[in-house]
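Report on the following structure.
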Amino acid sequence: MLLKTTPGIKPSEVTDKKLYISRRQFISGSAALIASGLVGSSFLGKPGDAPQEKLAIAKRGEYTISESITPYEEATGYTNFYEFSTGKRSVKELSKSLRTRPWTLSVEGLVEKPKKYDIEELIHMFPLEERVYRWRCVEAWSMVIPWIGFPLAGFIKKCEPTSKAEYVEFTTLYDPEQMPGQQTKALDWPYIEGLRLDEAMHPLALVAVGMYDEMLPNQNGAPLRLVIPWKYGFKSIKSIVRVRFVEKMPRSSWTKKRPEEYGFYANVNPNVDHPRWSQASERRIGEEGRRKTLMFNGYADQAGHLYSGMNLKKFY
Ligand SMILES: Nc1nc2c(c(=O)[nH]1)N[C@H]1C(S)=C(S)[C@@H](COP(=O)(O)O)O[C@H]1N2
Ligand SMILES: [Mo]
């Protein structure tokens with residue numbers, strides 16, 4: 001049932017990585033940074049062009065796929081983060097000044113172990129693995145991104161949800177001074193997302209703290225965000241400050257905004273059109289033409305069983 005493990009890195013990926021590393025070395029003027037592990041936080045959350053700190057990765061995750069990786073510049077330059085802007089190419093610049101240290105993640109609700117976690121504690125709590133995942137936005141573009149993080153399931157186990165907990169709700173930082181998009185009515189703030197507890201416990205669900213060997217850049221959701229690869233991108237909430245275990249299905253920001261367009265489940269599904277466009281195909285960023293969208297974004301063998309017996313046209 002598991003995805004095939006990639007035995008090595010493809011030559012195309014190696015080229016991409018070398019390219020961006022040498023570019024970054026050039027910017028920083030320091031090769032030492034490249035060699036540094038998970039130490040020293042002087043660069044973290046620092047505004048300006050400070051390069052991202054490298055992350056020490058414990059292992060390559062078993063769920064990694066072997067498709068060509070999207071160029072770093074696209075994955076970090078074409079981002080959705082409405083707290084900063086609805087313009088995908090504007091977020092990178094506008095999010096530079098977001099302070100990601102100190103950062104606290106609060107665990108609340110139906111759990112035996114409610115707790116406020118400091119981000120440093122969280123990052124060091126589990127071995128970090130790299131997982132190359134297909135990434136699909138509801139707007140019909142896709143990427144392939146090497147995320148770095150730890151399984152959400154392991155973290156949830158630590159929280160010890162009670163038997164009453166059916167769903168997990170996630171909340172993004174609310175700070176309109178730092179996040180100018182929150183001064184607009186683009187969405188109902190703060191950004192909220194949710195998962196059924198069994199979805200959240202699925203081994204593919206990742207808490208990402210990095211990508212492409214580095215700490216997460218602000219525009220991609222620093223210091224920690226979800227990555228749920230079988231769902232549309234909007235389920236993968238960025239810059240999380242609160243995890244709450246609840247009995248009832250959380251009302252996410254997107255389902256509040258347009259319930260007829262964005263459902264709670266948001267599983268990638270080529271057979272269910274978005275009211276304003278088809279979901280049958282996608283544009284892979286960096287490629288010519290379009291490709292057919294795969295059921296559950298290609299993760300049907302792994303995650304499909306979570307929805308057996310459900311009408312996926314009704315529960316979109
Ligand atoms: N807090 C927050 N999380 C968010 C968003 C957002 O606007 N705010 N956008 C979502 C959408 S629509 C997508 S496609 C992905 C994009 O992630 P990426 O920019 O890292 O590729 O983040 C999701 N998480
Ligand atoms: Mo999206």
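Both counts, for ligands and for their atoms, begin at 1 and track the order of listing.
- Distances from ligand 1 to the non-hydrogen atoms of Met211 include no value under 4.0 Å.
- Salt-bridge check for Glu199 with Lys231: passed, with a basic side-chain N closer than 4.0 Å to an acidic carboxylate O.
- Heavy atoms of Gly221 come nearer than 4.0 angstrom to ligand 1 in no pair at all.
- For atom 17 (O) of ligand 1, the closest heavy atom belonging to the protein is Arg225 NH2, 3.1 Å.
- Nearest residue to atom 4 (C) of ligand 1 from Tyr191, Trp254, Tyr232, Tyr78 is Tyr191 (criterion: closest heavy atom).
- Only the side chain of Thr172 comes within 4.0 Å of ligand 1, judged by heavy-atom distances.
- Trp147 pairs in a ring-ring contact (aromatic ring centres under 6.0 Å, His included) with only one of the listed residues (Tyr63, Tyr133, Trp135), which is Trp135.
- Regarding atom 8 (N) of ligand 1, its nearest protein heavy-atom neighbour is Glu83 OE1, 2.7 Å.
- Looking only at protein heavy atoms, the nearest one to atom 7 (O) of ligand 1 is Tyr82 N, 2.7 Å.
- Both Trp254 and Leu312 are assigned to one and the same hydrophobic cluster, defined by single-linkage of ILVMFWY side chains at heavy-atom distances under 4.5 Å.
- Counting only non-hydrogen atoms, the option in Ala266, Cys137, Ala75, Ser142 that gets closest to atom 14 (S) of ligand 1 is Cys137.
- Remark: Lys92 fails to qualify as a cation-pi partner of Tyr78 under the 6.0 Å distance and 45° angle criteria applied to the six-membered ring.
- Val138 and Ile192 fall into different hydrophobic clusters, where Ile, Leu, Val, Met, Phe, Trp and Tyr residues are linked whenever their side-chain heavy atoms come under 4.5 Å apart, directly or through other members.
- With hydrogens left out, the protein atom closest to atom 9 (N) of ligand 1 is Asn80 O, 3.3 Å, a heavy atom.
- Remark: aromatic rings of Trp230 and Tyr299 are distant, center separation not under 6.0 Å.
- Protein heavy atom at the shortest distance from atom 24 (N) of ligand 1 is Ser236 O, 2.9 Å.
- In the hydrophobic clustering of ILVMFWY residues, with side-chain heavy atoms under 4.5 Å counting as a link, Tyr316 and Phe296 come out apart.
- The aromatic rings of Phe84 and Phe81 stand perpendicular to each other, their planes meeting at an angle above 60°, with 30° marking the opposite boundary.
- For atom 16 (C) of ligand 1, the candidate residues are Lys92, Glu139, Met143, Lys238; the nearest heavy-atom contact is made by Lys238.
- Among all protein heavy atoms, the one lying closest to atom 21 (O) of ligand 1 is Trp135 NE1, 2.7 Å.
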